[in-house]
Amino acid sequence: MAVTPPQLPSTPPEDIGELKTRAQLLAGRCLGQLAALAGLPLPADLSRSKGLVGNLLERWLGARAGNRPLPDFTHLGIELKTLPVDSDGKPLQSTYVTKVPLCDLEALEWRTSSVFAKLRHVMWVPIQAEPAVPLAERVVGQAFFWRPSAVEEQLLCADWEYHLARIRAGDVNAIKGSDGAVLQVRPKARSAETITWAELPHQRTMPTRPCGFYLRPSFTEYLVQRYFFDAGRPSP
DNA sequence: ACGTGATCATTT
DNA sequence: AAATGATCACGT
């Protein structure tokens with residue numbers, strides 16, 4: 001049977017089934033082919049195009065959340081994340097989630113937070129990302145869907161609450177990348193000199209480094225392992 | 001200027 | 001080698 005090249009969708013997927021169908025057509029294809037079919041040039045490397053792979057997959061899957069702090073497939077409540085992996089399926093980078101909030105801090109709650117909104121339902125798309133492989137030859141993997149289990153949500157929530165407590169206390173500039181078991185707070189800005197203002201409770205404000213929440217590679221590695229190597233196994 | 005898409009590059 | 005802190009491009 002002839003292999004039909006996929007076509008760029010013009011509309012978001014109507015349901016998760018359509019999203020899975022689109023992803024299935026991309027699995028096993030290389031970035032060079034997908035970029036060419038989309039009419040986009042591929043640079044030699046990602047040093048000046050760090051978001052290129054994510055943006056390319058957004059186009060191929062019909063994601064349209066723009067830069068809003070909402071899931072990519074807004075009507076489905078599903079967030080798209082590409083996951084750079086090596087040949088063993090091990091993540092090579094942390095995963096950016098969303099900006100760390102610096103205003104209306106009193107009212108924030110885990111269940112209504114941007115982190116929870118983004119991670120409640122994630123479509124992970126592994127992408128071959130070893131630097132030795134030319135960008136155009138890197139292969140798109142099998143996508144998988146993840147909803148945090150009760151235990152996983154508790155891990156995320158505990159880190160989020162811990163970070164928020166420090167932010168509310170005015171200690172955001174003291175948070176280190178080593179803080180948090182699965183969810184980190186790290187700089188997220190144009191440069192180290194970029195400054196924004198945190199609106200702390202009781203109308204205090206303070207100059208602050210813009211930061212983002214990130215998932216540690218060890219956490220996403222666990223998700224990959226669970227999905228691809230533990231699926232369907234009987235419980236002990 | 002800010003948030004999302006992330007990876008880069010230096011330190012540990 | 002892994003992790004942390006720094007950085008690049010794009011759309012709005």
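We name chains A, B, ... by the order of the sequence lines, and we start the count at 1 in each one. Keep in mind the model is a prediction, meaning the values are calculated, not measured.
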request  = Pick base, sugar-phosphate or nothing for Arg64(A), based on heavy-atom distances below 4.0 Å to the nucleic acid.
outcome  =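 The residue Arg64(A) makes no contact with any strand.
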
Quick check on contacts: within [range], what sits under 4.0 Å from DNA chain B by heavy-atom distance?
range: residues 49-57 of chain A; answer: Lys50(A), Gly51(A), Gly54(A), Asn55(A)
range: residues 82-92 of chain A; answer: Thr82(A), Pro84(A)
range: residues 123-146 of chain A; answer: none
range: residues 174-200 of chain A; answer: Arg186(A), Lys188(A), Thr196(A)
range: residues 97-108 of chain A; answer: Thr98(A), Lys99(A)

query = If you pin Asn67(A) and Ser94(A) to their nearest nucleotides in DNA chain C, which one's is more 5'?
reply =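 Closer to the 5' end of DNA chain C: Ser94(A).
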
Arg147(A) vs Glu153(A), salt bridge (charged side-chain N to carboxylate O under 4.0 Å, His left out): CA-CA, chis, key distance, verdict = CA-CA 9 Å; Arg147(A) 284 177 173 278; Glu153(A) 181 180 343; over 6 Å; no

Whether [X] side chain and [Y] backbone form a donor-acceptor pair below 3.5 Å:
X: Asp230(A); Y: Tyr227(A); value: no
X: Asp159(A); Y: Val182(A); value: yes
X: Lys99(A); Y: Ser114(A); value: no
X: Ser149(A); Y: Glu152(A); value: yes
X: Arg29(A); Y: Leu25(A); value: yes
X: Gln225(A); Y: Tyr222(A); value: no
X: Arg216(A); Y: Gly180(A); value: yes
X: Asp88(A); Y: Lys90(A); value: no

ask   = Closest approach of Gln142(A) and Phe228(A), non-hydrogen atoms and distance?
value =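 Closest approach of Gln142(A) to Phe228(A), heavy atoms only: O-CZ, 3.3 Å.
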
Is it the case that over 12 heavy atoms from other parts of the model lie below 6.0 angstrom from the [atom1] atom of [X]?
X: Glu14(A); atom1: CD; result: no
X: Arg120(A); atom1: CZ; result: no
X: Glu161(A); atom1: CD; result: yes
X: Arg59(A); atom1: CZ; result: no

inquiry  = Under 3.5 Å, is there a donor on one side chain and an acceptor on the other for Ser94(A) and Arg186(A)?
reply    =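 There is such a pair between these side chains.
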
key: Contact boundaries on DNA chain C for chain A, cut-off under 4.0 Å to non-hydrogen atoms   =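 Boundary nucleotides touching chain A, in 5' to 3' order, are dA2(C) to dG11(C).
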
task = Decide, yes or no, whether a salt bridge links Arg209(A) with Glu193(A) under the criterion of side-chain N to carboxylate O below 4.0 Å.
result =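 The answer is no: the pair does not qualify as a salt bridge.
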
key: Pair Asp72(A) + Lys81(A), salt bridge at N-O below 4.0 Å   =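 Here Asp72(A) does not pair with Lys81(A) in a salt bridge, since their nearest N and O are not under 4.0 Å apart.
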
query = When the distance from OH of Tyr214(A) to P of dG5(B) is rounded to whole Å, what number comes out?
reply =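 Rounding to the nearest Å, OH of Tyr214(A) and P of dG5(B) are 11 Å apart.
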
message = I need the OH-P distance between Tyr96(A) and dT7(B), as an integer number of Å.
response =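 So the two atoms are 14 Å apart, to the nearest Å.
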
ask   = Do the rings of Trp124(A) and Phe144(A) sit parallel, tilted or perpendicular, given the 30° and 60° boundaries?
value =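 It falls in the parallel class, under 30°.
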
inquiry  = Assuming nearest nucleotide by heavy-atom distance, tell me which of Thr95(A) and Leu70(A) is located more 5' along DNA chain B.
reply    =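 The residue closer to the strand's 5' end, by nearest nucleotide, is Leu70(A).
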
